[in-house]
Amino acid sequence: MKPAAEEIWDWLDAVPDPEIPVISVVDLGIVRDVEWDGDTLEVAVTPTYSGCPATSVISMDIETALYDRGIQNVRIKTQISPPWTTDWLSDKGRARLEEYGIAPPRAAGGPERCPRCKSTNVTRISQFGSTPCKAQWRCTDCLEPFDYFKCI
Amino acid sequence: MASVDQTQLFEFLCRMGDNTLVLGHRVSEWCGHAPVLEEDIALANTALDLIGQTQMWLGYAGDVEGKGRTADDLAMLRDVWDFRNVLLVEQPNGDFGQTMMRQFLFDAWHLAMLKALTASSNEQIAAIAAKSVKEVQYHVERSGDTVIGLGDGTSESHKRMQDALNLLWPYVGEMFVADAVDDAMAQAGIAPDLASLRAEFDAHVGGVLAEATLTIPDGKFTHKGGKSGFQHSEHLGHLLTQMQWLQRAYPGATW
């Protein structure tokens, strides 16, 4: 019997993002659709940034996780439209990012507060960071630098 | 969608993809060499976005061509005369200021072009543009800020930025001069009339350069021949020897 889509979504929610392992690929909002096409499970995945090297690793991790659950035929479909947006990050994902030390994205274009000491006195160091999805900021109270998940 | 000559569509897609590929490679040459760590990371991230966009443009170009060539084949196995990028993006990096001036001039055109392409009659092109435009919005914010910071900086940084503008401004025109391929794309609703992008570009670039206390050089001369493939500058061949050497030396190598 083929597992239901709901169950598959739960399995995928256990697949961590390779760069930010505290959130899942589902939290990140990059799994767009899960659908059976005969005996083949088609998973629609959208890239975060077009050049993000994690994208191919994520596809491989998804395939591996589904094989481990006994699904023999998996097809990953790359879907670029509509383009990924940080609006698709789950609330659970946002909370975990902050616990991990990465300020979650905000429409205002910058972090609400320092993920460590929670001060709202923060300043931008650079628009870009260690991965395409992050920028570098600094807390002017505790003086610690931190990553900010860019809002796009 | 109006029918369009597939050879011309292929040409158009190569222009988009070769612009991002060649500039992406140029910018990646800074990796490990930028003046400060944050700029090094920013340049590498910009290069990564551009290479990612290249995969979409050239991947689709290969599909349209229908000869089984992949994005990698098009990027790594064509020689200079088959490249369709504008001359601006193949110009050498020069100093950091020159690199950022080249980036800003391209980003400002790129942003206007991609915004227009999101309304393309070709769904795949509209989707690639919608994906890319978010990244390019970010690129131009940074390159514009840097041009202002350095232009309106010290007398030394101001001089270098003015020199960079004087050097690169004659390459701007090529991005707006339409030829038969551009006309065919515009008629089919696939791409905008290039001349229609000029007003937005001039307003954007003029504003940033004024704030940067820089002066746009006089003269209407425009270097041309890159996007038509008629005549690239000598710099492109040197770039390709670096970019393509592995696939040339070890054909088909994968890892």
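Side chains are part of it too, since the values below use all heavy atoms of this structure and drop only hydrogens, waters and symmetry mates. Quick caveat: nothing in here was measured; it's all calculated off a predicted structure. Each chain gets a letter, A, B and so on, in the order its sequence line appears, and its residues count up from 1.
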Do you know the tightest heavy-atom contact between [X] and [Y]?
X: Ser50(A); Y: Met56(B); value: CB-CE, 3.6 Å
X: Tyr138(B); Y: Lys150(A); value: OH-CD, 3.1 Å
X: Ala127(B); Y: Ser81(A); value: CB-CB, 3.6 Å
X: Phe128(A); Y: Arg142(B); value: CE1-CD, 3.4 Å
X: Asn45(B); Y: Thr131(A); value: OD1-C, 3.6 Å
X: Arg124(A); Y: Asp145(B); value: NH2-OD2, 4.1 Å

Under 4.5 Å between any side-chain heavy atoms of Thr85(A) and Lys134(B), yes or no?
yes
For [X], is it the side chain, the backbone, both, or neither that has a heavy atom closer than 4.5 Å to a heavy atom of chain A?
X: Glu38(B); result: both
X: Glu141(B); result: both
X: Gln53(B); result: both
X: Leu48(B); result: both
X: Ile128(B); result: both

Ignoring hydrogens and geometry, is there a side-chain-to-backbone donor-acceptor pair from Lys131(B) to Pro82(A) under 3.5 Å?
no
Looking at Val133(B), Asp49(B), Leu43(B), Thr54(B), which makes the most heavy-atom pairs under 4.5 Å with chain A?
Asp49(B)
Which atoms of Gln136(A) come close to chain B, meaning under 4.5 Å heavy atom to heavy atom: side chain ones, backbone ones, both, or neither?
side chain
Quick check on Pro47(A) against chain B: is it the side chain, the backbone, both or neither that has a heavy atom closer than 4.5 Å?
both
Rounded to the nearest 0.5 angstrom, the CD-OG1 distance for Gln127(A) and Thr146(B) is 7.5 Å
Other residues, nucleotides, ligands: >12 heavy atoms within 6.0 Å of Glu211(B) CD
no
For the CZ atom on Arg32(A), are there more than 12 heavy atoms of other groups (residues, nucleotides or ligands in this structure) within a distance under 6.0 Å?
yes
